[in-house]
S.K.: 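My structure is below; once you've seen it, I'll send some questions.
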Amino acid sequence: MTAPTIRTDALYARVRTVVPRVEWATMEDDVAAIWRLKHERNAVILAHNYQTPEIFHGVADIVGDSLALAREAQHVEADVIVLAGVHFMAETAKLLNPAKTVLIPDLRAGCSLAESITAADVRTLRAAHPGVPVVTYVNTSAAVKAESDICCTSGNAVKVIESLGVDRVIMIPDEYLAQNIARQTGVEVITWAGHCEVHERFTPRDIAQIREDYPGVTVLAHPECPPEVVDAADMAGSTAQMQDFVRDEQPTRVALITECSMSDNVSAANPAVEFVRPCNLCPHMKRNTLSTIRAALELGRHEVRIDPELAARARAAVERMLAV
Ligand code: 13P
Ligand code: SF4
């Protein structure tokens, strides 16, 4: 099989409004190598919406929010999946497509939510609230998922909770997401004090300041933000729901109250929209770079492995979510 000729110019056209040409010049070698390696290794790159534009628009095959990446991972036919995101996303891909080699370019790509809770914590919560179903955000380890009844993402949490038909759930580990969803569904939620280190930093004052400085701005917030921030926004939704809103509504000015790279990626695809760029960076997402992705493909590292018995229990919780 001959490797395809890589036209990095065509790729640059996708990011030229957010990546200066001089910067792209330092990236071209890695971009071309990654496309060649994907072909040689029969690999695909799944990238979360928080990846930098040269990854998101330049080398990824499939992009999306946590829900889309989980759904798409199930159907990957290539031998290798490189997950340009964080560790729980790579684990979810492995759970849903266990025959594939799943690589995470940097093992340190964690998540403050995933780190906030252990499997033993879930068992303690269950014992304290017998019979109450455990709804677990996908931003958790496979071990925590394995102790859960069903998973959810920010994109489907309302539907998942409503599908249970109960008036009380344990919803872990994101306290703010749980509070936001409780208000939308009217279901009582028992929460855990986990927070996203990116979204917990936004305040209603930030939003008031943005509105004062940028008249007419439309403010979209992620539901991992505190409820008072969601209240101050015009709309709350997952990263894909924010992206769809901008694509469909084409607001004159928009502020995305979420991780930095989202604005770059959505702006590159919507050049007519003016983006106000409040910037809270996720250090875990930023562990992925063109060079770590290239090394992952060259060296076959770092492979995600999950104990089969634990994987079966965790997979059941994720599959129940996907069936909703
Ligand atoms: P979504 O892309 O599912 O909205 O999740 C945001 C996030 O913080 C993922 O780590
Ligand atoms: Fe975790 Fe927040 Fe980073 Fe997403 S943005 S990976 S929820 S710390």
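A quick note: this is a predicted structure, and the numbers were derived from the prediction, not measured. When a ligand or atom number is given, it counts from 1 through the structure's own listing order.
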S.K.: Which residue and non-hydrogen atom of the protein lie closest to atom 2 (Fe) of ligand 2, and at what distance in Å?
M.R.: Cys196 SG, 2.3 Å
S.K.: Side-chain contact, heavy-atom cut-off 4.5 Å: Glu54 with Val15?
M.R.: no
S.K.: So is Glu259 in contact with ligand 2, going by heavy-atom distances below 4.0 Å?
M.R.: no
S.K.: Mind checking whether Lys145 and Val318 have side chains closer than 4.5 Å, heavy atoms only?
M.R.: yes
S.K.: If you count the atoms of ligand 2 from 1 in the order shown, which ones are under 4.0 Å from a heavy atom of Ser112?
M.R.: 8 (S)
S.K.: Would you mind running through ligand 2 and noting each atom that sits below 4.0 Å from a heavy atom of Val198?
M.R.: 5 (S)
S.K.: Hey, which atoms in ligand 2 end up nearer than 4.0 Å to a heavy atom of Leu113?
M.R.: 7 (S)
S.K.: Considering only heavy atoms from C-beta outward, does the side chain of Thr218 approach that of Phe245 to under 4.5 Å?
M.R.: yes
S.K.: Under 3.5 Å, is there a donor-acceptor pair between the Tyr214 and Glu274 side chains?
M.R.: no
S.K.: Number the atoms of ligand 1 from 1 as they appear, then name those within less than 4.0 Å of a heavy atom of Asp65, with their elements.
M.R.: 1 (P), 2 (O), 3 (O)
S.K.: Hey, is ligand 1 close enough to Thr239 that some N/O pair sits below 3.5 Å?
M.R.: yes
S.K.: Give me the nearest non-hydrogen protein atom to atom 4 (O) of ligand 1 as residue plus atom name, then the distance to 0.1 Å.
M.R.: His222 NE2, 2.7 Å
S.K.: Under 4.0 Å from a heavy atom of Ser154: which atoms of ligand 1 are those, numbered in the order shown and with their elements?
M.R.: 1 (P), 3 (O), 4 (O)
S.K.: Enumerate the atoms of ligand 1 whose separation from the nearest heavy atom of Ser238 is less than 4.0 angstrom.
M.R.: 4 (O)
S.K.: Do the side chains of Arg201 and Glu197 get close enough for a salt bridge, i.e. N-O under 4.0 angstrom?
M.R.: no
S.K.: What is the closest protein heavy atom to atom 5 (O) of ligand 1, and at what distance does it sit?
M.R.: Ser66 OG, 3.4 Å
S.K.: Near Met89, which atoms of ligand 1 are under 4.0 Å from a heavy atom of that residue?
M.R.: 9 (C), 10 (O)
S.K.: Of all the atoms in ligand 2, which lie at a distance below 4.0 Å from a heavy atom belonging to Tyr50?
M.R.: 5 (S)
S.K.: Under the side-chain contact (heavy atoms from CB on, under 4.5 Å) criterion, do Val158 and Ile181 qualify, and how do the steps go?
M.R.: CA-CA 6 Å; Val158 170; Ile181 299 304; 3.9 Å; yes
S.K.: Considering only protein heavy atoms, which is closest to atom 1 (Fe) of ligand 2, and at what distance to one decimal place?
M.R.: Cys111 SG, 2.4 Å
S.K.: What part of Asn139, side chain, backbone, both or neither, has a heavy atom within less than 4.0 angstrom of ligand 1?
M.R.: side chain
S.K.: Look at atom 7 (S) of ligand 2 and say which protein heavy atom is nearest, naming residue and atom and giving the distance to 0.1 Å.
M.R.: Asn139 ND2, 3.2 Å
S.K.: Would you say the side chains of Asp264 and Ser261 form a donor-acceptor pair under 3.5 Å?
M.R.: no
S.K.: So is His48 close enough to ligand 1, meaning a heavy atom under 4.0 angstrom away?
M.R.: yes
S.K.: Which atoms of ligand 1 have any heavy atom of Glu224 under 4.0 Å away?
M.R.: 6 (C), 7 (C), 8 (O)
S.K.: Tell me, do Arg287 and Thr292 make a side-chain contact under 4.5 Å, heavy atoms counted?
M.R.: no
S.K.: Quick one about Arg41 and Thr101 (side-chain donor to acceptor, distance below 3.5 Å, no hydrogens or angles considered), yes or no?
M.R.: no
S.K.: In this structure, are over 12 heavy atoms from other groups packed under 6.0 Å from Arg247 atom CZ?
M.R.: yes
S.K.: With a cutoff of 4.0 Å, is Met285 in contact with ligand 1, counting heavy atoms of the residue only?
M.R.: yes
S.K.: Any side-chain donor-acceptor pair under 3.5 Å between Thr258 and Tyr50?
M.R.: yes
S.K.: Passes disulfide (SG to SG under 2.5 Å), Cys260 versus Cys279? Steps please.
M.R.: CA-CA 5 Å; Cys260 305; Cys279 191; 1.9 Å; yes
S.K.: Any N/O/S atom from Cys282 (main chain or side chain) under 2.8 Å of atom 3 (Fe) of ligand 2?
M.R.: yes
S.K.: Got an N, O or S from His284 under 2.8 Å of atom 1 (Fe) of ligand 2?
M.R.: no
S.K.: Stepwise, does the side-chain contact (heavy atoms from CB on, under 4.5 Å) test hold for His222 with Cys196?
M.R.: CA-CA 11 Å; His222 195 278; Cys196 161; over 6 Å; no
